[in-house]
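In each ligand, atom 1 is the first atom listed, and ligand 1 is the first ligand listed.
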Amino acid sequence: MDWYATHGRRLPWRLEPSPYHTWVSEIMLQQTQVATVIPYYQRFLARFPDIDTLAAADLGELLALWQGLGYYSRARNLHAAARAIVRLHDGQLPGDRAALLALPGIGDYTAGAILSIAYNLDYVAVDGNVKRILARVLDYDREIDSSANAAELTNCARALLPSGQASIFNQAMMDLGATICTPRQPLCDTCPVARYCLAWERGVQEQRPVRAPRATVPVREMVGAIVERDDGSWLALRRNPHGLLGGLWEIPVYERHTGDTLRPDARLIADLAQTLHLEITTPGAAWLVTHAYTHFRVRLMLYRCIAQNVPVLVSNDTWNALQWLNDANMPAHGLTGLTLKALRAVQAQRDALL
Ligand code: SF4
């Protein structure tokens, strides 16, 4: 704690944390590095300085601002929760655990972070970083992801929490995990808790925490196209709000199932005709674009072609709107990561031809 008082608190928004600032920053920091989050966080607060503004915003604008940060359900949940807070709590983020847990996107960790950092209440906030530190300090040799073992580590964190100092304690743990007790090659020589650390004393810090073996990530084969009009704009489709990547815009992409006998370009032509009543010029050479999601990876055969008629979106489970995008209107539309990569692939080819 002494070390933290002099060296810690390096995250600018944590200097005077309001409940709103703490909430937004903790949501953004899930699965995402601090350096990546900072510019997004600053843009977010400039546009949505308080809960009322966020609740009144259009979800599409929020998704566009979130573009590139990934895990878009976080943005949708922030938006839905802001509306619930305005409706149920007079626009104030509640300082009560049960009320926080009832809001979309707020689980044990985020509730603990808000209650401790913003309200200085005696709650722990145990995420992967904190579990890693505890597993090392305690030389915990069981795998940390099972719910029983995670609960045991959470109880250890509660036992360590100094009453009345939850804000600084949890922030110290977060920053220790982010900067010193890192997943690989922890900086034990400079660690302020090294003298308490059993894994360091026993030389097994690189073997802690023990993790369950990773499951093999399935690969989904897809075909898609950047379909352009004569004016250079390209066709985008908005994903339905409740599915994966809901509310984001993407180029038309279709899954190629095992045993599909059609060639990729023929599959593309058939699916565009079926879902959009769209005819295209014959696709030329394809690019291979790969993209990783949390639970699967995508291998996309990407084509570029010209629309031969006006598309009509046929009712389906994937998309609910279509739009022609160009440099002027694209910033107002949040795009999927796969579509961003596809656009970059085409742009790289254009640049190479200049
Ligand atoms: Fe982590 Fe090393 Fe510090 Fe132990 S001594 S808590 S392993 S950085």
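- Interface atoms of ligand 1 facing W200, defined by a heavy-atom separation under 4.0 Å, are 5 (S).
- Here is the list of ligand 1 atoms found below 4.0 Å of a heavy atom in Q205: 7 (S).
- Scanning the protein for heavy atoms near atom 4 (Fe) of ligand 1, the closest one is C197 SG, 2.4 Å.
- Inclusion of C191 in the first shell of atom 3 (Fe) of ligand 1 is supported: an N, O or S atom falls under 2.8 Å.
- Within 6.0 Å of the CD atom in Q92, the count of heavy atoms belonging to other residues, nucleotides or ligands does not exceed 12.
- Within the 4.5 Å cutoff, side-chain heavy atoms of F44 are placed close to those of L54.
- Coordination check, C188 versus atom 2 (Fe) of ligand 1: passed, since an N/O/S atom of the residue sits under 2.8 Å.
- A donor-acceptor pair under 3.5 Å is formed between the side chain of R136 and the backbone N or O of Q205.
- The closest protein non-hydrogen atom to atom 1 (Fe) of ligand 1 is C181 SG, 2.4 Å.
- Residue A194 approaches ligand 1 through these ligand atoms, each under 4.0 Å from one of its heavy atoms: 5 (S).
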For the pair C191 and L176, evaluate side-chain contact (heavy atoms from CB on, under 4.5 Å) and give the outcome as yes or no after the intermediate values.
-> CA-CA 8 Å; C191 176; L176 184 65; 4.3 Å; yes
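- The main-chain N or O of V37 is never found under 3.5 Å from a side-chain atom of T32 such that the two would form a donor-acceptor pair.
- Close contacts between ligand 1 and V193 involve ligand atoms 6 (S) [criterion: under 4.0 Å to a heavy atom].
- Residues T318 and R239 are in side-chain contact: their nearest non-hydrogen atoms beyond the backbone lie under 4.5 Å apart.
- Contact annotation: for L176 versus ligand 1, there are no heavy atoms closer than 4.0 Å.
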Passes salt bridge (Lys or Arg N to Asp or Glu O under 4.0 Å), R208 versus D141? Steps please.
-> CA-CA 7 Å; R208 301 288 178 266; D141 63 1; 5.1 Å; no
